[in-house]
Amino acid sequence: MAHQAQNTLGDVAKAAGVSLATASRVLNGTASVGPALRDRVVRAAERLAYSPNAHAQALARSSSRTVGVICHDVGDPYFAGIARGVMRAASRHDLQVVLGSTFRAPDREVAYTAMVRGHRVRAMLIGSGFEDRERQKVLRRELDRYRATGGRVAVLSRHRGLRADAVLPENREGAADLARALLTLGHRRFAVLSGPTSLTTVVDRVGGFLEALAEAGVAVERQDIVEGPFTRDGGYEAAQRLIGRGLRATCVFASTDVMAAGALAAMREHGIDVPGDVSLAGFDDIPMVRDLTPPLTTVALPLEDLGERVLELTTLPERAGRTRTERVRGRVVLRESTAPFSEA
């Protein structure tokens, strides 16, 4: 039987109509190019079933001691906590960890997956998911190729259409619990600082928060939901826009603690007292929020434990045709950034 030649990076570059250097930079996640060009290269690599390493199948089946972790931003305290847990578990199994940050770009996630697939990794761990169905289909096909070589995959948080072992923080339920706790404090006028709605984590947290309010007969006006990057500066800028429109809420929910930290700085600049004038709450319970002034009300997730658990899933025997799902409920922690409110 004739052996089919392995497609090369040159084949991908030719099919995409780009230089070899551009194709290489796009697929290793280092190129600063527009989404259309990136999409063309990624789709060409997918069509040709290109693997960055011609020996990927043999390596995946070998006794590699490396696992790949692909997350949105390892500099984010949320992912830093998870990465610590992954590394702690990896050390118990004598494994090395390779980290990659997608900076919340779906195309970069696919490119990193293709790159990691071609390296000596025995398992691949994927962080928070995207709402983009088409990109998730591309990612699913890339992961299917990787699994076909003997690799293991586990995901953290909800991913559309991916069949993989998963550790699922119950973001929707945790945000709903927080909303009910804030309602108990007497708040009825809320604003929300939302991260990008392309992220499943944001959709679940904001959705759960608003649904719990709606069940209590409380609605949040569209102009009181402000979207920004899932970062400290994103929270600062979103809060600035909210304040500029006229802050009507008695309580502001930021969909992640780092956004809440930025919002707190913006409020302080405008002379808005927290919690005297407005209460503020976040989500995750990253270590820094206990040291803010005032300390932040939030939903606590066991971040390091999440990282440990997602890696441990890849060490368990596979179950044919079945996936494992571990759900982790957050815990509402009320601190001094929120206070009871009364209209009287």
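Side chains are part of it too, since the values below use all heavy atoms of this structure and drop only hydrogens, waters and symmetry mates.
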Side-chain heavy atoms under 4.5 angstrom apart, residues restricted to Ile, Leu, Val, Met, Phe, Trp, Tyr: same cluster for [X] and [Y]?
X      : Y      : value
Val328 : Leu311 : yes
Leu178 : Val333 : no
Leu168 : Ile126 : no
Val252 : Tyr236 : no

Validation row: [X], [Y] side chains within 4.5 angstrom (heavy atoms):
X      : Y      : result
Leu210 : Ile225 : yes
Arg188 : Leu183 : yes
Phe230 : His72  : no
His270 : Leu247 : no
Pro294 : Val274 : yes
Asp285 : Arg335 : yes
Leu156 : Leu125 : no
Asn171 : Leu301 : yes

Measuring from atom [atom1] of [X] to atom [atom2] of [Y], what distance do you get when rounded to the nearest 0.5 angstrom?
X      : Y      : atom1 : atom2 : result
Met267 : Ser337 : CE    : OG    : 9.5 Å
Ile243 : Gln240 : CD1   : CD    : 5.5 Å
Arg205 : Thr200 : CZ    : OG1   : 10.0 Å

Does either side chain, that of Thr256 or that of Asp284, offer a donor lying less than 3.5 Å from an acceptor on the other one?
yes
Using the ring centroid of each side chain, check whether Phe209 and Phe283 are separated by less than 6.0 Å.
no
Contact list for residues 216-238, test salt bridge (charged side-chain N to carboxylate O under 4.0 Å, His left out), sequence neighbours left out
Asp224-Arg248
According to the side chain to side chain donor-acceptor pair (under 3.5 Å) rule, which pairs have a member within residues 78-89, sequence neighbours left out?
Arg84-Glu304, Arg88-Glu304, Arg88-Glu308
Please name all residues satisfying salt bridge (charged side-chain N to carboxylate O under 4.0 Å, His left out) with Glu211, sequence neighbours left out, ordered by chain then number.
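Testing Glu211 for salt bridge (charged side-chain N to carboxylate O under 4.0 Å, His left out), a comparison that skips the adjacent residues, returns Arg172.
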Please answer whether the main-chain N or O of Gln223 pairs with a side-chain N or O of Arg245 as donor and acceptor at a distance below 3.5 Å.
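A pair under 3.5 Å: yes.
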Would you confirm whether Arg40, through its side chain, and Ala16, through its main-chain N or O, come within 3.5 Å as a donor-acceptor pair?
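Checked: pair present.
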Is any side-chain N of the basic residue among Arg152 and Asp165 closer than 4.0 Å to the acidic one's carboxylate O?
yes
Does Asp177 pair with Arg180 as a salt bridge, N-O distance under 4.0 Å?
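Looking at Arg180 together with Asp177, the answer is yes, because their closest N to O distance falls below 4.0 Å.
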Apply the side-chain contact (heavy atoms from CB on, under 4.5 Å) test between Thr338 and each candidate in Leu280, Thr297, Thr298; give the one that qualifies.
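Output: one option passes, namely Thr297.
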Taking all non-hydrogen atoms of both residues into account, name the closest pair between Ala339 and Ser279 and its distance.
N-OG, 3.0 Å
